[in-house]
Colleague: 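Let me begin by handing over the structure; questions about it come next.
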Protein chains: 2
Amino acid sequence: MGKVGSKLLFEAVELFSGLPGIGKKSALRMALHVAAQDPSKTKKLSDLLSKITTELKVCKHCFLYADTDICDICASSARDTKTLCIVESIKDVLAIEETSQYNGKYHILGALISPIDGIGPDSLNLNSLADRIVSNGVTELIMAIRPSIEGDTTIYYISKLLTGQNVKISMIARGVSFGSELEFTDEITLGRSILSRTPYLIHENQLV
Amino acid sequence: MGKVGSKLLFEAVELFSGLPGIGKKSALRMALHVAAQDPSKTKKLSDLLSKITTELKVCKHCFLYADTDICDICASSARDTKTLCIVESIKDVLAIEETSQYNGKYHILGALISPIDGIGPDSLNLNSLADRIVSNGVTELIMAIRPSIEGDTTIYYISKLLTGQNVKISMIARGVSFGSELEFTDEITLGRSILSRTPYLIHENQLV
């Protein structure tokens, strides 16, 4: 697009096109939209983005985004503290919540172990996991990790890390197809995969 | 998506999904992206949006967005003042500039006459048009208006409005297919349609 008129507008196009999935044409439409709409709406978005940089927190327990030190799920007394669902990302938490099939707490790893990408266990939010298990009296750990080499490596690593702890480790049922992302799985499949989770066996009789 | 964790984040999802072409999933990806990225980048976007509400101007002559009272095209002495290209929207100016086939000035109508949508001539930026033609000594008016009922009505209205003025009215060649938008026309087609513009005849021998 020819960059004539307002430099301000084209800076906005530039910044919008840095957002995921936004091409130059979409970014231009977005910039023209914010320029044309009621200024109070644009100001609202501006203020909110500014607030995100200063006020958004990460839950000290589970690593979900929160407005306070402890997120609403971790703070909730209505949720089962003895079950902990291990997920890769925040999007996975949101997808599982959408199924309404789970009432325990979460632990967000932030990544999966992937030596080829230089992601070792140190890159994962694992430091506080053992402590959480002990202090909350967790009896079951549900691995809601996408079926993949990295996922399996991560599940294996965590199971070894927790050797000796009196906690049952289960995995979501392998109804989720190999290589796909949790956030794009339909909620029925994802919900069922939590309900029909299977025991995790490291050695003999290991399930695929 | 389950609204757990940060309210701030879901407000951002809400506001992003109000932007054109952005669905809930895209809005969530965008919100998570701005939350996760370097805060200085998010702050930059926030500041720019705020600036847009306070500093963005509309050119007094042509109605293009500008950072000053007069846009860079209207202020440019390198551009031909005697040719005025009439377009519906800012996006049309950007698309025509991209073709590098036009070196005159523009006049942005902001809309096309559409009685069915309640858009009459009063809704268009027409008040200053006759004055601009006189004061700039405009000899040719190029109607770069999308071929459509509304476009034809608008061209007809403007041509009647300027009856008696010594100005040639031409239209971009009808290479642009009926019903399509200028901004999505490839630049070769659009550029040629400006080069091979045809005289506008109101009465006998009127071109389709």
Side-chain angles (χ1 to χ4, degrees), chain A residues 1-9 11-12 15-16 18-22 25-26 28-37 39-57 59 64-67 71-73 89-91 93-100 183-184, chain B residues 1-9 11-12 15-16 18-22 25-26 28-37 39-57 59 64-67 71-73 89-91 93-100 183-184:
Chain A
M1 284 285 171
K3 289 193 183 181
V4 290
S6 167
K7 282 203 181 68
L8 218 54
L9 195 79
E11 273 180 60
L15 292 184
F16 277 133
L19 295 175
I22 307 300
K25 289 243 171 176
S26 302
L28 178 67
R29 291 177 85 91
M30 287 163 66
L32 288 173
H33 183 89
V34 300
Q37 78 182 350
S40 72
K41 283 191 179 180
T42 304
K43 194 71 181 58
K44 207 171 157 190
L45 180 57
S46 164
D47 290 346
L48 195 68
L49 291 173
S50 172
K51 256 187 165 178
I52 281 177
T53 65
T54 54
E55 293 180 21
L56 189 68
K57 296 180 180 181
C59 174
L64 185 65
Y65 281 123
D67 300 326
C71 79
D72 49 357
I73 293 181
S89 75
I90 288 167
K91 284 184 240 183
V93 171
L94 301 179
I96 291 171
E97 283 299 293
E98 193 70 2
T99 71
S100 311
E183 63 168 319
F184 297 121
Chain B
M1 284 285 172
K3 290 193 183 179
V4 291
S6 166
K7 280 203 182 69
L8 219 52
L9 195 78
E11 273 179 61
L15 292 184
F16 277 133
L19 295 174
I22 307 298
K25 289 244 169 175
S26 302
L28 178 67
R29 292 177 84 92
M30 287 164 66
L32 288 171
H33 182 88
V34 299
Q37 78 182 351
S40 71
K41 285 192 179 180
T42 303
K43 193 72 180 60
K44 207 172 156 189
L45 180 57
S46 163
D47 290 347
L48 194 68
L49 291 173
S50 172
K51 255 186 165 177
I52 281 178
T53 65
T54 54
E55 293 180 21
L56 189 68
K57 295 179 179 178
C59 174
L64 184 65
Y65 281 124
D67 301 326
C71 78
D72 48 359
I73 293 181
S89 76
I90 288 167
K91 285 184 238 181
V93 171
L94 302 177
I96 291 171
E97 283 299 292
E98 192 73 0
T99 70
S100 311
E183 63 168 319
F184 298 121

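All chains are named by letter (A, B, ...) in the order of the sequence lines, taking the proteins before the strands, and each is independently numbered beginning at 1.
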Colleague: Hey, which of A/Thr54, A/Leu48, A/Leu64, A/Val34 has the most heavy atom pairs under 4.5 Å with chain B?
Modeller: A/Leu48
Colleague: Which region of A/Leu45, side chain (C-beta onward) or backbone (N, CA, C, O), has a non-hydrogen atom less than 4.5 Å from a non-hydrogen atom of chain B, or is it both or neither?
Modeller: both
Colleague: Below 4.5 Å from any heavy atom of chain B, which atoms of A/Ile22 appear? Answer side chain, backbone, both or neither.
Modeller: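 For A/Ile22, the contact with chain B is made by the side chain alone.
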Colleague: Step by step, would you call B/Leu32 with A/Tyr65 a side-chain contact (heavy atoms from CB on, under 4.5 Å)?
Modeller: CA-CA 9 Å; B/Leu32 288 171; A/Tyr65 281 123; 3.9 Å; yes
Colleague: Taking every non-hydrogen pair under 4.5 Å, which of A/Ala12, A/Ser100, A/Ala66 racks up the most with chain B?
Modeller: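 Highest number of pairs under 4.5 Å: A/Ala66.
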Colleague: With a 4.0 Å cut-off on N to O distance, would you call A/Lys43 and A/Asp47 a salt bridge?
Modeller: yes
Colleague: Measure across B/Gly5 and A/Asp72 and return the closest heavy-atom pair with its distance rounded to 0.1 Å.
Modeller: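 Heavy atoms of B/Gly5 and A/Asp72 come nearest at N-OD1, 2.9 Å.
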Colleague: Out of A/Gly21, A/Ser50, A/Ser40, A/Cys71, return the one with the most heavy atom pairs under 4.5 angstrom to chain B.
Modeller: A/Ser50
Colleague: Heavy atoms only, distances under 4.5 angstrom: which of A/Leu15, A/Thr99, A/Leu9, A/Leu8 has the most pairs with chain B? Name it, please.
Modeller: A/Leu8
Colleague: Using non-hydrogen atoms and a 4.5 Å limit, figure out which bit of A/Ile73 sits close to chain B: side chain, backbone, both or neither.
Modeller: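 Interface part for A/Ile73: side chain.
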Colleague: Enter the distance from A/Ser46:OG to B/Lys51:NZ here, rounded to the nearest 0.5 Å.
Modeller: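 Interatomic distance, A/Ser46 OG to B/Lys51 NZ, rounded to 0.5 Å: 12.0 Å.
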Colleague: May I ask you to name which of B/Asp67, B/Ile52, B/Thr53 has the most heavy-atom pairs under 4.5 Å with chain A?
Modeller: B/Asp67
Colleague: List the atom of A/His33, the atom of B/Gly18, and the distance in Å for their closest heavy-atom pair.
Modeller: NE2-O, 3.7 Å
Colleague: Which distance, rounded to the nearest 0.5 Å, do you find between the CG of A/Leu19 and the OG1 of B/Thr42?
Modeller: 8.5 Å
Colleague: Under 4.5 Å heavy-atom distance to chain A, tell me which part of B/Ser26 shows up: side chain, backbone, both or neither.
Modeller: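 For B/Ser26, neither part sits under 4.5 Å from chain A.
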Colleague: Check whether B/Gln37 gets within reach of chain A through its side chain, its backbone, both or neither, counting any heavy atom under 4.5 Å.
Modeller: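 For B/Gln37, there is no contact with chain A at all, as no heavy atom is under 4.5 Å.
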Colleague: With respect to chain A, which residue among B/Lys7, B/Glu55, B/Lys41, B/Lys57 yields the maximal number of heavy-atom pairs within a distance under 4.5 Å?
Modeller: B/Lys7
Colleague: Go through the atoms of A/Ile90 and report whether side chain, backbone, both or neither lie under 4.5 Å from a heavy atom of chain B.
Modeller: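 Looking at A/Ile90, just its side chain touches chain B.
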Colleague: Under 4.5 Å from any heavy atom of chain B, what part of A/Ala36 do you find: side chain, backbone, both or neither?
Modeller: both
Colleague: For the candidates A/Pro39, A/Cys59, A/Ala35, which exhibits the highest count of non-hydrogen atom pairs separated by less than 4.5 Å from chain B?
Modeller: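 With the most close heavy-atom pairs to chain B, the winner is A/Ala35.
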